[in-house]
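To start, the structure under review is shown below, and the notes come after it.
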Amino acid sequence: MTDNTIASRYQATLDRIAQACQRVGRSREDITLMVVTKFHPLDEVLELVRLGVRTFGENREQEARQKAYDLLERDAAEHVLAGIPAEWSMIGQLQRNKCNAVARWAHSVHSVDSVSLVNGLERGMQRALDDGSRENPQLGVYLQVSLDGDTARGGALESDIAELADLVDDSDHLVLRGLMSVPPLDADPSVAFAHLYDLSQQLRTNHPYATEISAGMTGDMEEAIAHGSTCIRVGTAILGPRPTH
Ligand SMILES: *Cc1c(COP(=O)(O)O)cnc(C)c1O
């Protein structure tokens, strides 16, 4: 019998990560597991919180904001977080007009791929700090790279990364963490992640602290870990298929 609960699937995912690390001689502590809760209700977030998860990813601004605030409300009433704050990250394509809202709740944004988003998030951070809707003075930024040049699916061209990185560096409230990518459809994920790793090395010549690589999902986390990922974003393996709505 397969034990098909969030707890058992979460444990199985931790085991997968540990094994993937062991296979390539990486330290487990170098990899953050972000649980992607998009389309899943707050009850499932609460179950993850009870299992110790505090790192969450979402791809729609309104849905993410609602869950982040609902969780804070539950925590105020029942101390579900036990004093360890949850961190919510925006990982999906972001519209410029959502930047002010995202800056209120996001710990980091993994899908920054344009000058207009960098400027929008910087302005949104300034506003959120000014009006008191945010305490943390910094927002982590991952530049999303389009590895096949099809920027319609999100991601900047490789040739634009250096300029975006400089712009993030020049901002007051954005902190460049590193790169993010989703492998192109039909691409060999190992080839894609190896290339992303090379781009990360290039980025680090001018931005040595930007060491993070956000790569790997349910289907390709082993390949991502083998190629230097420091943050895997996992939904389906832990929460099952996303409810449709
Ligand atoms: C939905 C999503 C994930 C999680 O994908 P799974 O295959 O369910 O693990 C990871 N990254 C991004 C950008 C996503 O939109």
Side-chain angles (χ1 to χ4, degrees), residues 4-17 19-20 31-41 44-45 47-48 51 53-68 87-95 98 102 105-114 117 121 140-148 150-156 177-190 192-193 196 199-200 212-245:
N4 210 16
T5 63
I6 289 179
S8 66
R9 289 187 300 232
Y10 176 62
Q11 186 54 53
T13 302
L14 294 179
D15 293 345
R16 263 178 85 176
I17 299 168
Q19 280 162 18
I31 291 150
T32 300
L33 169 60
M34 171 187 290
V35 183
V36 179
T37 48
K38 66 188 183 199
F39 299 175
H40 290 279
E44 298 188 9
V45 172
E47 195 165 340
L48 290 162
L51 294 168
V53 177
R54 294 293 185 276
T55 309
F56 296 102
E58 288 277 338
N59 71 344
R60 294 163 174 224
E61 189 283 318
Q62 202 184 336
E63 181 185 345
R65 174 168 25 118
Q66 189 68 50
K67 273 179 227 175
E87 294 174 348
W88 294 87
S89 291
M90 178 69 181
I91 63 172
Q93 265 182 306
L94 177 59
Q95 317 246 307
K98 301 283 171 65
V102 165
W105 55 262
H107 174 262
S108 63
V109 180
H110 288 228
S111 43
V112 177
D113 60 3
S114 69
L117 284 183
L121 288 170
V141 163
Y142 292 69
L143 298 175
Q144 183 179 352
V145 195
S146 167
L147 294 173
D148 61 357
D150 178 10
T151 53
R153 291 180 61 235
R177 300 283 185 224
L179 298 181
M180 177 275 214
S181 195
V182 179
L185 299 169
D186 303 326
D188 177 342
S190 289
F193 293 140
L196 182 64
L199 295 175
S200 167
E212 303 288 331
I213 301 177
S214 171
M217 317 194 288
T218 289
D220 54 20
M221 64 177 101
E222 283 84 3
E223 289 88 344
I225 289 169
H227 291 94
S229 172
T230 63
C231 177
I232 57 173
R233 311 175 307 267
V234 180
T236 309
I238 297 171
L239 296 171
R242 282 178 274 281
T244 46
H245 61 182

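The first residue of the sequence shown is numbered 1, and numbering continues consecutively from there. In each ligand, atom 1 is the first atom listed, and ligand 1 is the first ligand listed.
Applying the salt bridge (Lys or Arg N to Asp or Glu O under 4.0 Å) criterion to Glu87, with sequence neighbours excluded, gives no partner residue.
The side-chain heavy atoms of Met90 and Trp105, taken from C-beta on, include a pair separated by under 4.5 Å. Residues Glu47 and Tyr10 fail the side-chain proximity criterion, which asks for heavy atoms closer than 4.5 Å. The shortest side-chain heavy-atom distance between His227 and Ser190 falls under the 4.5 Å cut-off. Side-chain contact between Asn59 and Val36: absent, with no pair of heavy atoms (C-beta onward) separated by less than 4.5 Å.
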When you pair each N or O of ligand 1 with protein N or O atoms, which pairs come out under 3.5 Å?
residue: ligand 1; atom: 8 (O); partner: Thr236; partner atom: N; Å: 2.8
residue: ligand 1; atom: 8 (O); partner: Thr236; partner atom: OG1; Å: 2.5
residue: ligand 1; atom: 8 (O); partner: Arg242; partner atom: NH1; Å: 2.8
residue: ligand 1; atom: 8 (O); partner: Arg242; partner atom: NH2; Å: 3.3
residue: ligand 1; atom: 9 (O); partner: Thr218; partner atom: N; Å: 3.1
residue: ligand 1; atom: 9 (O); partner: Thr218; partner atom: OG1; Å: 2.5
residue: ligand 1; atom: 9 (O); partner: Gly235; partner atom: N; Å: 2.8
residue: ligand 1; atom: 11 (N); partner: Arg233; partner atom: NE; Å: 2.9
residue: ligand 1; atom: 11 (N); partner: Arg233; partner atom: NH2; Å: 3.4
residue: ligand 1; atom: 15 (O); partner: Lys38; partner atom: NZ; Å: 2.7

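Using a 3.5 Å distance cut-off with no hydrogens or angles, the side chains of Thr230 and Glu212 do pair a donor with an acceptor.
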